[in-house]
Structures are given as C-alpha cells and as structure tokens.
Amino acid sequence: MKFSTVTELSRLLAAREVSAVELAKDYLSRIEAHRDINCFLDVRPEETLKQAAEADKRIAEGTATRLTGIPIAHKDIFVTREWASTAASRMLEGYMSPFDATVVKKLRAAGLVTLGKLNCDEFAMGSANENSAYGKVLNPWDSNAVPGGSSGGSSACVAAGLAPIATATDTGGSIREPASFTGVTGLKPTYGRPSRLGMIAFASSLDTAGLMAHTAEDIAWVLGDMVGFEPWDSTSVDMPTEDFARDLNKGVRGMRIGVPRAWFSESLDPEVAAAIEKVIAEYRSQGAEIVDIALPNAELGVPVYYVVACAEASSNLSRFDGVRYGYRAKEYTDIQDMIKKSRNEGFGAEPKRRIMIGTYVLSHGYYDAYYLKAQKVRRLISQEFDAAFEKVDAIISPVTTGTAFDFGAKADPVSAYLGDLYTVPASLAGLPCMSMPCGIHSNGRPIGVQLTCARFAEAKMLGIAHAWQQASDWHTRHPNGF
Ligand code: GLN
C-alpha cells in the first residue's frame with residue numbers, strides 16, 4: 001500500500017478491498033516507524049481515526065466522493081482545528097486554531113482524512129527545511145541531503161510513502177523545489193485560485209496553496225476539491241472549480257512548448273540539463289513543437305522576489321506582538337519591553353532577517369529605490385510571460401541548478417536565495433507551475449523538471465505532465481528503506 005497513488009487507493013476503497021480506517025491505521029503506523037525523518041510536527045491518531053470512521057460511514061451510505069477515505073497530510077502553514085498550527089515557529093508553539101483553513105475545510109468536505117501536520121521552514125521561509133524551529137527534515141533518498149523547502153515535510157512524507165498526497169504552499173518555489181529534491185510531483189496553482197484564508201501569511205501577494213503527490217494524475221484528481229471561491233478572502237478568485245483531469249489524455253500533439261535557452265547556462269548541473277533534454281525530446285517525439293524563447297526580465301527575479309517577499313513578510317509578521325497570538329516573553333518591564341522580548345525570543349534567525357530587510361526596503365527614503373522599483377520589474381516579468389504565452393502553450397525549464405544539496409551547504413543566506421532563480425519568476429507573475437521527476441543523478445538524488453503555463457491553465461499543464469509520466473517511470477522510483 002505504501003507507495004500507492006490516490007487513484008489506486010480510490011479504486012480499492014470503492015471496491016471495499018480496504019476501509020478508510022484500515023488505510024489510516026496503515027499510514028499512521030508507517031509515520032510512527034519513520035519518526036526519524038521528522039516530517040510530522042503533530043500526529044493525533046484518535047482524530048485521524050475519527051475522520052476515517054466518518055469516511056467509512058459515507059462510503060457505506062453511498063454519499064462518498066471518489067476521494068472519501070484518502071489520507072492526506074497538511075503543511076503546518078494551514079491552520080487546523082484538531083491539530084496544532086505553528087508555521088514551524090516557536091512563536092506559535094502549541095497554537096490551536098478556532099477554525100480550519102479553507103483549503104483544509106474543502107478537502108475534508110470531500111472526505112479526505114487528515115494524517116497530521118507537516119514540518120516546514122519557519123513561516124515558510126527557506127529552501128532546505130533547515131529553518132524549522134522543530135528541527136530539520138531528512139531527505140528519504142539520502143539523509144545527508146536536504147528535502148528542499150520550505151515544504152520539506154510535505155515532500156519527504158510523500159517520497160517516503162507516509163501519505164499518498166500532501167498539501168504544501170509555494171511563495172517562491174516551496175512546492176516545486178522540494179518536489180524536485182525528493183522525486184515527487186508538485187503543483188502550485190494560479191495565485192488566488194486556492195484560498196489563502198487560514199494559511200499563515202508570509203508574503204500575501206505570492207503565497208499559494210498547492211499539492212504534492214506521486215503523479216500529475218493524482219494532483220488532477222484532488223485539486224478540484226481544494227480550490228474554489230472563498231468570500232472571506234479578498235484575494236480569492238471568483239470562478240468555479242473545474243475538472244482538472246479533463247485534459248489528462250489529450251496528449252501534446254500540436255502544442256508549442258517553449259524553452260528559455262538562457263536558463264540552461266553553465267551554472268546548471270550537466271546531468272540535470274541532460275535529463276531535461278530527454279523530456280524535451282520526448283515531447284517532440286509525441287508531436288509537440290519545441291521553440292526557443294527568451295525571458296530576459298525573469299533573470300531579475302531573485303532580487304525582485306526578495307524585496308517584495310521581505311516587505312510583505314515584515315508587515316505580516318508584525319501581528320506577532322505577544323498580545324494577540326502566540327508566544328509572550330515571561331519577564332518584561334513594560335509593554336515595549338514585552339513586545340521586544342516576545343519577538344526576539346519567538347522568531348528564529350531567518351524571519352528576523354526578513355523582517356529587517358522588509359522594514360528597510362519599505363522605509364522612507366528607500367521605498368522608491370527598492371520596493372517601488374521591484375514592483376515595476378515584477379510587472380515587466382509578468383508581461384514578459386504573458387507575451388510568451390501568446391506563442392507557446394507551456395514553458396519547460398529546470399527547477400533548480402542541481403539536485404538536493406547537503407545540510408549546511410547553503411548556510412549563507414545569499415547563496416540560498418540565489419538558488420531560487422528558476423522558481424521565483426512564475427511566482428512573481430502568479431502563474432501555475434509544477435515540478436515532476438525526470439531522472440536520478442549519479443549522486444543518487446532525484447532530478448526534477450519544471451512546467452509553467454498561463455494563468456488558469458492548470459488542466460492543460462497537468463495533461464502535459466501526464467503525457468511525460470505515461471512515457472517515463474521516474475515517478476515510480478522510490479527511496480530504499482521505506
Ligand atoms: N525559497 C524561497 C524563500 O525562501 C521560497 C519560499 C516559499 O516558497 N515559501 O523565500
């Protein structure tokens with residue numbers, strides 16, 4: 001059962017070959033057996049089994065959806081009523097939310113069963129899951145390697161077969177990079193399509209909920225029950241959800257797929273480049289036309305992203321003042337001292353760094369030079385993508401310059417930030433974007449490839465991904481020992 005896909009499990013549940021309770025117990029015992037990789041921050045078997053029993057009841061009554069009884073784990077950025085919601089920060093240690101995030105609520109309404117909450121970088125800030133206040137997550141492929149971040153708990157848990165599917169969030173690559181580092185498929189939808197209500201905010205104009213699973217097909221099955229209009233969220237797009245599986249078997253014949261050739265520079269690991277060339281060749285052989293494109297402004301993505309994201313983070317994190325939510329220092333002299341100490345003791349180094357950068361770029365005298373300038377370049381990047389999608393159906397590119405790196409290898413924040421060069425452009429433009437497995441490096445670590453499509457073209461993108469996964473078996477490879 002361990003590496004079963006959502007579609008396989010759905011068939012087993014429908015045929016009554018397994019019950020939701022049996023499935024939940026099976027995954028809970030695997031989670032327990034693999035505690036050492038540290039992907040779960042909160043597991044409450046009694047709550048999971050309660051949901052599983054409800055799912056079995058729905059199945060028996062005939063009111064089940066095709067996803068009722070499928071286990072799922074949630075990144076600890078989504079607030080949940082029954083499990084603590086911490087954003088992997090000391091600031092929110094033990095915090096119990098009075099409500100479920102909209103994404104969690106919708107998935108639950110479809111009957112998916114929550115396995116628990118997943119570790120991540122503190123407030124989703126990072127690329128290696130080394131910034132969690134609750135310890136690092138190990139990459140199931142190699143315990144010296146990072147699982148990627150910030151959704152490292154989500155990627156490691158799917159890669160290790162501890163859940164068939166997991167939610168994650170992507171602000172500048174936090175779904176795609178960890179998916180690529182662990183050999184799973186990860187999708188970030190169009191900004192605004194899944195609701196941000198109940199997602200602990202990092203950078204509000206970028207934060208997007210998404211999914212990680214073994215296959216594009218599984219994501220296509222679940223995405224429809226995760227997205228949809230939320231009237232209490234001003235950034236939620238008011239459009240109906242759709243059948244994201246409708247284009248799965250359309251194939252790529254007649255499509256135009258763009259390759260930003262300048263992204264295949266000498267900084268790209270040659271084995272990663274070669275693996276991506278094979279995907280491109282496969283699409284060509286299936287009848288797609290491959291065209292070179294240029295995205296010169298996208299190369300400015302990293303500085304633009306770190307100005308915008310830090311500015312928004314500094315504003316969002318100002319709510320953690322020791323008064324309204326979260327940690328409060330034990331000893332203080334007056335209210336100023338209380339706020340100062342609470343923030344100093346509650347936040348880790350990376351959120352502090354970003355609050356400082358963000359406060360700086362928003363301050364009088366620097367706002368025009370940094371923040372406003374970044375917003376202008378962001379618009380140019382977005383327009384450049386819009387122009388590209390007049391000519392191509394999808395863009396194929398690397399996700400990162402190499403495979404998962406070793407723990408500690410990017411301890412210097414600037415080197416970590418520069419690693420986001422291929423993922424942040426689509427985030428700045430709010431585009432749907434995904435990573436899927438396309439090889440295993442001679443170092444034994446998985447290789448991913450990135451697909452980007454125009455806004456709201458998730459179904460098309462999933463079809464393109466499925467065409468690759470029908471022709472390859474990298475998504476069926478799993479780490480040893482799990
Ligand atoms: N690595 C990026 C950062 O540190 C992206 C994080 C994210 O997408 N949440 O900001």
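The model shown is predicted, which means the values in this text are computed figures rather than measured ones. Each residue takes its place number in the sequence, starting with 1. All ligand and atom numbering here is 1-based and tracks the order in the structure.
- Arg343 and Asp321 are not joined by a salt bridge, as no carboxylate oxygen comes within less than 4.0 angstrom of a charged side-chain nitrogen.
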Would you mind writing out the side-chain donor-acceptor pairs for residues 361-370 within the sub-3.5 Å range, not counting sequence neighbours?
| unit_1 | atom_1 | unit_2 | atom_2 | d |
| --- | --- | --- | --- | --- |
| Ser363 | OG | Tyr360 | O | 2.6 |

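- The ring pair (Phe, Tyr, Trp, His ring centres under 6.0 Å) contacts involving residues 165-198 comprise Phe181-Phe405, where partners must be two or more places apart or lie in separate chains.
- The pair Asp412-Lys410 does not count as a salt bridge, with every side-chain nitrogen at least 4.0 angstrom from each carboxylate oxygen.
- Sorted by chain and number, the heavy-atom contacts of ligand 1 below 4.0 Å come from Ala124, Met125, Gly126, Ser127, Ser150, Asp170, Thr171, Gly172, Gly173, Ser174, Phe202, Tyr305, Tyr306, Arg354, Asp420.
- Residue pairs meeting the ring pair (Phe, Tyr, Trp, His ring centres under 6.0 Å) criterion with at least one member in residues 119-171, sequence neighbours excluded: Phe123-Phe320, Phe123-Phe347.
- Considering only heavy atoms from C-beta on, Val308 comes within 4.5 Å of Arg378 through its side chain.
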